[in-house]
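The shown structure was predicted, so the numbers you read here are calculated from the model rather than taken from an experiment. Here is how names work: the chains are called A, B, and so on, in the same order as the sequence lines, proteins then strands, and each is numbered from 1.
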Amino acid sequence: MELHFNPYDFEYRIEDGITYFYFYGRTMEGQKVAVKHRYAPFFYADASGIDKQEFEEKINCLVLKSGPEPAKAAGFEMIEKESQGRKQEFYKIYANYPKAVPLLAKEIQSWGLACYERDILYVHRYLRDHGIIPMKTVKASGAFVQDQWMRAPVFLAEKVEPQKSETSPEWRVLAIDIETYAVKKEIDFNHNPILMISFFGMKDGQEFRKVLTWKNTALPEYVEIVPDEGALLKRMKEIIIEYDPDIITGYFTDGFDFPYLQSRAGKHKVQLDLGIDHSEIIVHQSGFGETEAKIKGLLHLDMLKFIRNIFGKDLDVETYSLDAVSRALLGHQKHEVDLDQLSYFWDHEPEKLAEFCAYNLHDSFLAYKLCEKLLPDMIEFTSIVGLPTFDVIRMRFSKLVESYILKRAAEFNVLAPNKPENTEISRRMEESIQGGFVYEPTPGLYDDIIVFDFRSLYPTIICAHNISPEGFRCACCKDLPHVPGKEEYWFCSHGKKFLPAILEQLILRRAEIKQQIKEAKKKKEDTSLLDARSYALKILANSFYGYMGFYAARWYCLECAASTTAYARNYIAGTIAKAQQEGFKVIYADTDSCFLLLEEKTIEEAMKFMEGINENLPGQMELEFEGHYPRGIFVSLKGLKGPKGVKGSEKGAKKKYALLKKDGNIKIIGFETVRRNWSPLAKEMQEKVLRLILQEKVAEAIQYVKKTIDELRKGEIAADKLVLKMQITRELSSYSSFAPHVKIAGEMQQRGQPAGPGTVVKFIIVKGKGLIRDRAKIPADVSPGQYDAEYYVTHQLIPVVSSIFTVLGYSEEELFKESSQTGLGKYF
DNA sequence: CGAGCCCGGGG
DNA sequence: GTGTACGGGCTCG
C-alpha cells in the first residue's frame with residue numbers, strides 16, 4: 001500500500017543488525033505515524049594509484065573490534081564522482097552500521113587511501129540521497145508492521161519518494177514556559193523547584209491555555225492546581241501527550257526549560273518519557289557549553305536559536321530577550337512583573353500569585369506567536385537546505401551554507417571535500433585577506449544624505465566572475481582579464497563552475513520570488529510565504545563569500561574570497577569616482593554602499609547617476625537607492641584594527657554613524673552595544689546624546705552630559721546606575737587571573753554569602769589607589785558618594801560619547817574636566 | 001600586545 | 001550522534 005505523510009523528525013535504529021532510517025510525522029489524515037526504511041551507510045575511498053585486487057581482498061576480510069559492534073565493510077562498488085572539477089573513480093564502501101563508518105574510514109586511510117564523506121551524518125545523508133524535504137509530503141510504498149514500543153503505528157517502506165504538493169498541513173503547535181523559584185536571579189537547578197508551567201496552543205480551531213502550579217490558592221480559571229512539584233511534572237506529561245503536538249516551542253527552551261524539567265524530573269524520579277518510543281527528553285551538549293533538547297517524534301523549536309542564529313540578523317534589537325524580540329517582531333511585550341516577588345509571594349503571600357500565572361501564560365503565548373510568525377521562514381530554510389528543521393534552526397550561517405552546498409553536491413555528483421584537520425584549521429586561521437573598501441568619512445554632522453548600495457554585492461560578483469576553487473588559475477584562461485589589483489589571480493571562464501552555478505540559482509530564484517511578491521502585492525494578496533522564501537534565499541546567498549573564507553569550511557578558498565573583495569573594491573571605487581565626476585560630494589563609502597550629499601542637486605540627478613552606473617555592470621550586479629536621510633552624524637573611525645582574516649577585515653571596515661530618518665526615528669550603526677558590564681548610566685547617556693544631536697540640540701546634549709558628570713562627581717548619582725556585573729563561572733581557587741569579580745566573590749564567601757559558580761557578582765568601583773580589583777566593592781558597602789566618579793567618567797562615560805562630541809569639535813577636556821566649583825578635593 | 005576570561009538567553 | 005564547536009570585548013600581566 002501507499003502512505004502519504006509529512007515527516008518532521010528523523011533518526012536511525014539498528015534492528016537485527018540492519019540499519020533503518022525512521023521518519024516521524026503525520027499522515028494526510030492527521031494520524032501520527034512512524035515510517036522505517038532500510039538504507040545502508042557508506043563513504044568513499046580514492047581508488048587511484050592502488051593495487052585494486054589487493055585492496056579488495058583486504059577490505060573483504062576487514063573487521064574492527066573497537067566499536068560497540070564489530071565494524072565491517074558490508075560491500076563496495078566502483079563509482080565515478082567529480083572532485084575538484086575532474087571526474088574520478090572512487091570506491092563506495094558500505095558499512096554494517098552508521099558508527100562503523102568513521103572506524104572503517106580511519107583504518108582504510110591508514111592503508112594510504114584518502115577517504116571522503118566519512119563524517120556526513122547518516123540522517124542527513126539519507127535525506128539528501130532520497131531528495132526528501134522535511135515537513136513536505138513523502139510517499140512511502142510498503143505495509144504497516146507490528147510494533148509494541150511506538151506510540152504510533154509503524155510502516156515499513158520498500159520505497160520512499162518525495163511528493164510535489166503545494167498544500168502544507170496545519171502544524172499543531174504547543175508552546176511551553178516554566179517559572180522557577182529564584183531569589184535575586186539565582187538560578188539553581190538542584191535546589192529551586194519549578195513553580196509553574198504554562199502552555200499555549202491552538203487545536204482544532206480552539207485556543208488552548210493552561211497554567212499548572214502547586215500552591216493551593218484562588219487562581220484564574222486557566223490555572224490547574226496540583227499537590228506538589230512531582231505531580232506538576234506528571235501532569236505536564238499527560239497534557240503534552242493528550243494535546244499531541246507536532247511542534248513544541250518556547251524561548252531558550254534548549255538551554256533553560258527542558259534541562260530544568262529534566263533535572264527536576266530526575267530529582268522526583270518522574271519519567272518524562274514523552275518520546276514517540278517512550279524515550280525521555282534528551283538534552284545534549286552542543287558546542288560551547290550550550291545544550292539542545294530533543295523529544296523523539298516531536299519537533300522542538302527553540303525560537304531563541306532560530307532568531308539568534310539566523311533570523312535576528314536583520315532585526316533591530318539590542319538583545320535577543322523574549323521581550324525585545326517580541327516587541328520587534330510582534331509588537332507585543334512581556335508583562336511587567338517584579339520576578340523577585342514571585343518567590344516571596346510563593347512563600348508568604350500565595351494569594352498574590354495570579355499575576356505571575358498570567359505572566360507565565362503570556363510568555364508561552366509570545367513564544368507561540370513567534371513560532372507561528374516565523375514557521376514559514378523556518379520551513380523555507382528547511383526546504384532550501386534539505387535537512388531537519390530541528391537542525392536547521394540551530395545552525396550558524398557557515399553550517400547552513402555548507403549544508404546547502406552538500407545537498408546540491410549530491411545532485412551534481414560532486415564529491416564533498418573533507419573538513420580540515422586541526423593543523424590545517426590553525427594554518428587557515430593565520431591567513432588573512434583584504435576586506436571591503438572604506439572611504440573614510442570626514443567626521444561631522446551633515447544634511448540630506450543619499451545612500452546607494454549594491455544589491456547582494458559579493459554574491460553577484462562571485463557569479464558574474466565565475467569565482468570558484470576549481471576555476472582558480474586554470475590553464476585555459478591565463479590570457480583573459482585577471483582580478484583587478486590581484487594580477488596573479490584569474491578564474492576560468494569556460495562553463496559555470498559548481499559554487500557560482502548553485503549560487504546563481506539562489507539569486508535567480510530570489511529574483512523570481514521578488515517578481516511574484518510584486519504581483520501578489522498588486523492583487524493585495526498575502527505575501528508572507530513569499531517574503532520568507534525571498535529572505536531565506538538572500539541570507540544564504542550573502543553567506544557564500546564568508547563561507548569560502550571560513551577556516552572550517554569544506555569548500556574553503558581564500559583566493560576566491562580575496563578575489564571577491566578585490567572586485568568589490570574596484571566596483572565601489574569606480575562608483576565613487578563617477579559620483580565625484582558628476583559633481584556629487586561623497587562623504588562615506590563602505591564595501592557596498594556609497595553616501596552622497598545632495599547639496600544643491602536634485603533627487604532626480606542622483607537617480608540618473610545610479611542608472612548610469614547600472615548600465616555598465618555585469619551579470620546580476622545592480623546599484624540600488626537605499627534612502628534619503630535629512631541628517632546624519634559620522635564619527636571618526638580611530639582605533640580600528642587592521643584586516644585579519646575575513647572576519648577581521650569586516651571589523652576593520654566597521655562603521656560608526658547615526659542617521660535621522662524622515663519619520664523622526666534614528667538609525668544607530670556601530671556604536672557600543674551595551675552589555676551587562678556597562679553601567680546603566682553609560683547606556684542611558686549614549687542614546688540620549690545621539691538623539692539630541694541629530695535633532696540639532698547640541699547645546700542641550702552638552703548641557704546634559706555636563707550635568708550628568710557634575711552629578712556624578714558630586715556623588716548624586718544613585719549607586720544602582722553604577723553597578724557593574726560579572727559572573728563567577730568556576731571554583732574561586734581555580735582562577736589564575738585575579739580579576740575584580742573574583743576578588744569580590746572571595747569577599748562574599750568570607751561573609752558566608754554564596755559566591756560559587758553561577759553567581760552574578762555585582763560591584764561598584766570606589767575611590768582609591770591601585771588596580772581596579774583593589775577598588776571594586778560590594779554595592780552594599782559603598783557609602784553615598786564613595787564611588788570613584790573619575791573611573792566612571794573615563795571608563796564608562798567617555799568611551800560611549802567622546803567620539804560623538806569630537807566630531808562636533810569639542811575636546812574630551814572641555815566636556816569632562818572637573819568644573820572649578822566641584823573639585824574632588826571637596827569630598828576627600 | 002597576547003592570554004585568559006566572560007558575555008549571550010532563562011527565574 | 002558517521003557529533004568537538006562562536007565572536008566580541010574587557011582586564012591583567
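As judged by a 4.0 angstrom heavy-atom cut-off over every strand, A:F21 is placed among residues making no nucleic acid contact. Here A:N309 lies out of heavy-atom contact (under 4.0 Å) with every strand. Note on A:Y12: only backbone sugar-phosphate atoms sit closer than 4.0 angstrom, heavy atoms only; bases stay farther off. A:R125 comes within contact range of at least one nucleobase, with a heavy-atom separation under 4.0 Å. Heavy atoms of A:L195 sit nowhere under 4.0 angstrom from any nucleic acid atom. Using a 4.0 Å heavy-atom cutoff across all strands shown, A:D177 reaches sugar-phosphate atoms only and no base atom.
Between A:Y344 and A:H348, the angle of the ring planes lies from 30° to 60°, which puts this pair in the tilted group.
The gap from the P atom of B:dG11 to that of C:dG7 amounts to 27 Å, rounded to the nearest Å. Spacing between B:dG10 and C:dG8 at atom P, rounded to whole Å, works out to 22 Å. To the nearest whole angstrom, the two C1' atoms, one in B:dG8 and one in C:dA5, are 16 Å apart.
Taking atom OH of residue A:Y359 and atom C1' of nucleotide B:dG11, one finds them 7 Å apart after rounding to whole Å. Rounding to whole angstrom units, CG of residue A:D323 and P of B:dG10 are separated by 9 Å. Atom P of nucleotide B:dA3 and atom CZ of A:F738 are separated by 23 Å, given to the nearest angstrom.
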Let's go through A:D277 and A:S279 carefully: what are the C-alpha distance in whole Å and the side-chain angles of both, what is the deciding distance for side-chain hydrogen bond (donor to acceptor under 3.5 Å, both in side chains) to 0.1 Å, and is it a yes or a no? CA-CA 5 Å; A:D277 58 349; A:S279 57; 2.6 Å; yes

How far apart are the C-alpha atoms of A:Y39 and A:T19, what are their side-chain angles, what is the distance that settles it, and do they pass the side chain to side chain contact (heavy atoms under 4.5 Å, CB included) test? CA-CA 6 Å; A:Y39 192 62; A:T19 309; over 6 Å; no

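With hydrogens and angles left out, the side-chain atoms of A:E229 and A:Y181 include no donor and acceptor closer than 3.5 Å.
Salt bridge annotation for A:E292-A:K294: absent, with no cationic side-chain nitrogen under 4.0 angstrom from a carboxylate oxygen. Between A:D363 and A:K334 there is a salt bridge, with a side-chain nitrogen of the basic residue lying less than 4.0 Å from a carboxylate oxygen of the acidic one.
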Identify each atom pair where a protein N or O and an N or O of nucleotides 3-6 of chain C are less than 3.5 Å apart, giving names and distance.
residue: C:dG3; atom: N2; partner: A:Q285; partner atom: O; Å: 2.9
residue: C:dT4; atom: OP2; partner: A:K419; partner atom: NZ; Å: 3.4
residue: C:dA5; atom: N1; partner: A:G287; partner atom: N; Å: 3.4
residue: C:dA5; atom: N3; partner: A:G287; partner atom: N; Å: 3.4
residue: C:dC6; atom: OP1; partner: A:Y551; partner atom: OH; Å: 3.0

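Screening A:Y12, A:Y8, A:Y126 against A:F23 for a ring pair (Phe, Tyr, Trp, His ring centres under 6.0 Å) leaves a single residue, A:Y126.
Residue A:V742 is the one, among A:K184 and A:V742, whose nearest nucleotide of DNA chain B lies closer to the 5' end (criterion: closest heavy atom).
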